[in-house]
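Take a look at the structure set out below.
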Amino acid sequence: MSWSITLILAYRLSMVATAAFILSRTPALGRILSRQLTPRDKLLLTIALGGMGIIGTYAAIPIHDALANSRVVGVMVAGLLGGPVVGAGAGLIAGIHRYLLGGFTAFSCALAAVLEGILGGLVQHYYRRGPIPWFIALVAGLAGETLQMVIILLTAHPFSEAWALVKIIGLPMIIVNSIGVAIFMVIVKTAAEQRERIAACQAQQALRIATQTLSFLRHGLNRESAEQTARIIYNSVKLAAVAITNDREILAHVGMGSDHHHPGNPFLTSATLKALSTGEVQVAQKRDEIGCQEKSCRLASAVVVPLKRREVTIGTLKLYHDRENSITPVELELARGLAHLFSTQLELAEVESEARLRAQAELKALQAQVHPHFLFNALNTIVSLVRSKPEKARELLIKLASFLRYSLRKDDAPIPLAEELAHVDTYLAIERTRYGDKLKVALMADPAALNCPVPAFTLQPVVENAIKHGLQPKREGGSIKILARSYPGEVIVTIEDNGVGISPEELDKILLPGYGRGHGLGLSIVNERLKALYGPEYALKIISIPGQGTKVTLRFPQENSYQEVKDDALYSCCG
């Protein structure tokens, strides 16, 4: 009899496999296995697995006014997946149902259902290393069913009938139901691992596509970048067509339907218009859901994903198939992942564009700061020399023209340090003529440092700041020392004066963005440009002692090199 019961119970394990498969298809599976269940998830899991326990009771084999059943599988799994509360809840549902059916083991089986659910929950609570593996589920099932047999022997009366029943159903139920619990957990865990593998493949494919399109999308969303991006996706994924639009027109369409989905045309599909208006993903599994105005269009299903920048929909990405009902969950997630990555790239492109515009604005601010007072002073100096020293006046005019030509440049591209130092030398030549013996300058640079690329118009504002705010207030004048040294991976330029220095109060504020009083504007802008180009670690370093002078340190990464400067000697001048 025991073997026949074992076989019948084993045949009915298909119900366990079916329930496990259904659970594995639910969106909450990931939260269940990661133990991040919401209250709603817990309630639904309790009801579903409690219901599975009831079905296990109905599928039972009547024996001696009792039932050989698989009720334990549902309630034990409830505990193993949801914890003690869920296990107890599912056990209570299945146990009350069993109690209402009657029989001399009604109370025993009802009590056992609740306790088995709690037992499964305790196993889940104390096993902290992730989803319950099959062998622990098997041991838990063995313990749960053994517990049920003990409860029947202790609480069912008369004892003789309870003992006779346990001898018949005990071993089959313990073995088969324990295997059922293990099988359920194996199916659920396998489904979860398969999801993870699919997600990992999707993520890898999306990242590979995003990497290939990065160089195009960094220029923004236009016809050229859209064409290259659509072609990369089309060549990487098996699709009938790929299209990209902005919020007004088609930018690119690669593949089937390109004979009428022309770039520059307004939108031809209602799905695109709906995605743009709602900002939500649109899945069209049939031709009429796509809504193409061309009746002969062979595109039969599509997923349309909005592209966003700062939560504003600026376009769409569309993946097409030539057969209806062909958009799978895998392709839907791929489209969402690509759209998210593309949206991020477009936001970064906008940030880069804004940074370039800001750098150009800061450069113009520096130029505007220099020109008025410097030009006025330089012209006054030249006027004073026109009659007494015409050749000197002519030389200064040439230097002034060279200075203005350099400082009015619109290009903010890096230049060799040698060019920037030459510009500083031109500036200092004009200032030395103006100040005479009150201004002494020493400029020295390693030959290896001269090829380092630096932002144009970086050193001169710092030098001017030293003269105007450091040396000019001193009656006797002073000196400036400019030193450029090459180190592994970087070039360090120091500009040091022995002027009046900077007060501690102003020194704390001087590098704040937009600080425009006293020493501040020129140094602040140079500091912001260096940080924007190279990172915060390349900010200006300023050391100043009131009454003794100021030292400003600038660092430049030596990643690229220009054509070598011909002069191998130490670049230097003094005056």
Side-chain angles (χ1 to χ4, degrees), residues 1-10 12-13 15-16 19 46-80 82-124 137-182 184:
M1 182 66 177
S2 295
W3 282 110
S4 62
I5 295 174
T6 302
L7 290 174
I8 294 171
L9 289 174
R12 295 177 181 178
L13 281 183
M15 176 189 68
V16 173
T46 300
I47 295 172
L49 293 176
M52 180 179 168
I54 292 175
I55 295 173
T57 300
Y58 278 125
I61 305 166
I63 297 174
H64 292 191
D65 196 30
L67 299 170
N69 60 82
S70 57
R71 178 175 53 253
V72 65
V73 177
V75 298
M76 180 68 73
V77 167
L80 293 174
V85 174
V86 174
L92 193 61
I93 291 172
I96 290 174
H97 171 264
R98 173 63 188 90
Y99 182 78
L100 294 175
L101 292 178
F104 83 101
T105 61
F107 174 76
S108 304
C109 292
L111 177 62
V114 176
L115 295 179
E116 285 173 307
I118 294 173
L119 175 62
L122 291 175
V123 172
Q124 191 257 19
L138 179 66
V139 172
L142 291 170
E145 280 294 66
T146 302
L147 176 64
Q148 179 172 223
M149 300 306 149
V150 172
I151 291 173
I152 290 174
L153 291 174
L154 292 175
T155 60
H157 300 287
F159 178 79
S160 58
E161 291 189 23
W163 174 247
L165 175 67
V166 169
K167 285 196 297 183
I168 297 173
I169 69 172
L171 191 60
M173 286 181 62
I174 290 173
I175 294 174
V176 175
N177 288 340
S178 301
I179 293 174
V181 172
F184 194 106

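Minimum interatomic distance between A137 and A182 (heavy atoms only, all atoms of both residues): CB-CA, 4.1 Å. Shortest non-hydrogen contact noted between M76 and G144 is CE-CA, 3.7 Å. Heavy-atom minimum distance, L49 versus G74: CB-O, 3.5 Å. Considering every non-hydrogen atom in both I174 and T146, the closest pair reads CD1-OG1, 3.8 Å. Residues I152 and C109 approach most closely at CD1-SG, 4.4 Å, considering heavy atoms. Minimum heavy-atom separation, Y99 to A106: O-CB, 3.8 Å.
Under the 4.5 Å side-chain criterion, counting only non-hydrogen atoms from C-beta, E145 is not in contact with I175. A heavy-atom distance below 4.5 Å is found between the side chains of L147 and I151. Counting heavy atoms from C-beta outward, L100 and H97 have side chains that stay 4.5 Å or more apart. For the pair M173 and M149, the minimum side-chain heavy-atom distance is below 4.5 Å. Side-chain contact check for F184 versus L80: every heavy-atom pair is 4.5 Å or farther apart.
Taken to the nearest 0.5 Å, the CD1 atom of I179 stands 8.5 Å off from the CG atom of L142. How far CZ of R98 is from OG1 of T105: 4.0 Å, rounded to the nearest 0.5 Å. With values rounded to the nearest 0.5 angstrom, R71 atom CZ is found 13.0 Å from I55 atom CD1.
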